[in-house]
Every structure is written in structure tokens, then in C-alpha cells.
Amino acid sequence: MERAVRMNYGRDGWVALPDVLSDAEVGKLRERIGALSTQRRPEVVHEAGSSTVRAIHGCHAFDEVCDRLIRLPVLLDIAEALLREPVYLYQFKVNIKAAVEGKAWPWHQDFAFWHREDGMAAPDAVNIAIFLDEVDERNGPLEVIPGTHHLGLLGSDENGSENTAGKGDWRSHVSADLEHTVPAELAATLAQDWGKHKFTGPAGTAVAFHPNLVHSSSNNRSAHRRSMLFLTYNKVTNAPLNPTRPEFLVNRDTRPVVRVAESRL
Ligand code: SIN
Ligand code: MN
């Protein structure tokens, strides 16, 4: 992988990943996720008090196309180049953010959940986000505060020594009423120093971002859905020892991901 990609990721906590999937591959995924979102199963989560699907988790465990996706060499090459060790898949999720109904994600750092809830020791994982729809200013793009991954975990519960692992309700980790947030006032102060950046672009756009990068997204105020797929790869050596959240949020298979032979989905 290009040195520039590693350098930008190290500096900003995120980096754009050009040419990851073809239009046909994105179309295939979109179709598959559409079918999965009609299923009623614990992995499929709805917006509060609504039948609108908010997110689908762990699809690689029950869908063959999603299983192939996590094994694509192009994605594993990126994850292993950024983490510099063999990786396994920690989490697979699709946030649908339906037109009009899709709700926000308050400011947070992903590692707050993985460390405090699951016992992940270090932020030695990486998110690869893939747009399944076009994302613009109005349909709730992911917004990041570049550079904040240098600050470590923020927020008060990290200062106390209490281990909260396994005590939270996982539903509050996937809802708009989110646990482990970065307070809005703190995010506003951070944004003054570090700036903000919104991820927008056509379907198929892909970015990698760091577990400690402060990020959020607003309600979908438009008539266009904003679905995004997130793969989190973790170093095999950084697997939490005794996670308690459901397997569709914290994969228990921590063996290095085996690449598919063909390079395409
Ligand atoms: C996330 O923070 O994990 C997802 C945010 C989003 O889908 O906008
Ligand atoms: Mn997040």
C-alpha cells in the first residue's frame, strides 16, 4: 500500500480509499442488504418506536456475499497495511439511515465501546466504511474531527478505574440515544482546534478511520437513504479475552481472515 495512505491515516485518523469496490460489487451488496433488512432477527435493529430499520449487524455470519466481502484481498491488504499484523473481523454493520426517518449518531469514539464494553486492550483496529448510497450534506454524512485519534479516549468514565465491561445494554450502543458519547460541548471545542470533515461522495466511496477518531452524523433530513457499511478489522493479538456483548457485535472468531481466491465479490 502507498506510503501516503499510511501517512495520512496516521496524521488525520482517516484516509480515503480509492477504487476499493466496483459499481457492480456495490450494487450486489446493496441488493443483499436490502433483502436482509426485511428479516426479523436480533441482528436487525430499528429506529426507536418505529419499524424503520436503523442497522444490521454481523451479516458475514449468515450471508454468503457479506462473508466474501470481509475476505476480499483488497480490504485485507488495507487493514493489514494500516495495522501491520494479521487481522480478524471484529465487527460488521450496516447503518441504513433511511430517508427522512434515519436518526443521528451523537459524537463518540468507537474505542470507548470496544474498550469499556468488550475489554479490547488497545485501539489497534481499523474501520473501513463503504458507502452503499450516494452521501451528501443533507442525508446525514459521517462527520469527523481530524486528528482527535491522537488524544486517546476522551470523556469522564475513562478517568475512573471502574471496569464497566459487560454492564451496559447493547441496545444503547446502537441507538440514537447513545451511551459513551463525547459531550457536544467538548466536540465543539475540539472542532475549533482541529476542524471538521464530512465524508461525502458517490456510492462505492470508501474510507478508513481510527477507533479513537471523534465522529458523529446527523439525522437524515433528505428524501434519499444514506446506507453505509462498516467493517472493523482488529489485530489478532488485540482480541478481547472475555467479551459479553452478542456475537453479532463482537465476533468471537478471532482467527486471521482467510482471503478468497478471486479478487472480486
Ligand atoms: C458509527 O458511528 O458507528 C456510525 C455513524 C453513522 O452511521 O453515521
Ligand atoms: Mn462510530
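Everything numeric here is computed off the predicted structure, so don't read it as measured data. Whatever order the structure lists ligands and atoms in, that order sets their numbers, starting from 1.
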| request: Check whether any side-chain heavy atom of V15 sits under 4.5 Å from a side-chain heavy atom of R6, and report yes or no. | output: no
Determine yes or no for a side-chain-to-main-chain donor-acceptor pair under 3.5 angstrom, with [X] supplying the side chain and [Y] the backbone.
X    : Y    : result
D77  : A81  : no
N251 : T254 : no
D63  : V65  : yes

| remark: Heavy-atom contacts under 4.0 Å to ligand 1, chain-then-number order, include exactly K93, N95, W105, H108, L142, H215, S217, R226, F230
| query | L69, Y233: one ILVMFWY side-chain cluster at the under-4.5 Å cut-off? | reply | yes
| request: Taking all non-hydrogen atoms of both residues into account, name the closest pair between V100 and A223 and its distance. | output: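 Smallest heavy-atom distance, with atoms named: CG2-CA, 4.5 Å.
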| task | Answer yes or no on whether R245 is positioned over the face of F113, meaning its NZ or CZ is under 6.0 Å from the six-membered ring centre and within 45° of the axis. | result | no
| What protein N/O/S atoms lie closer than 2.8 Å to the Mn ion (ligand 2)? | H108 NE2, D110 OD1, H215 NE2
| message | Parallel, tilted or perpendicular, judged at 30° and 60°: which one describes the rings of Y9 and H210? | response |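 Answer is tilted, since the angle falls between 30° and 60°.
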| request: Please confirm whether W14 and H197 have ring centers closer than 6.0 angstrom. | output: yes
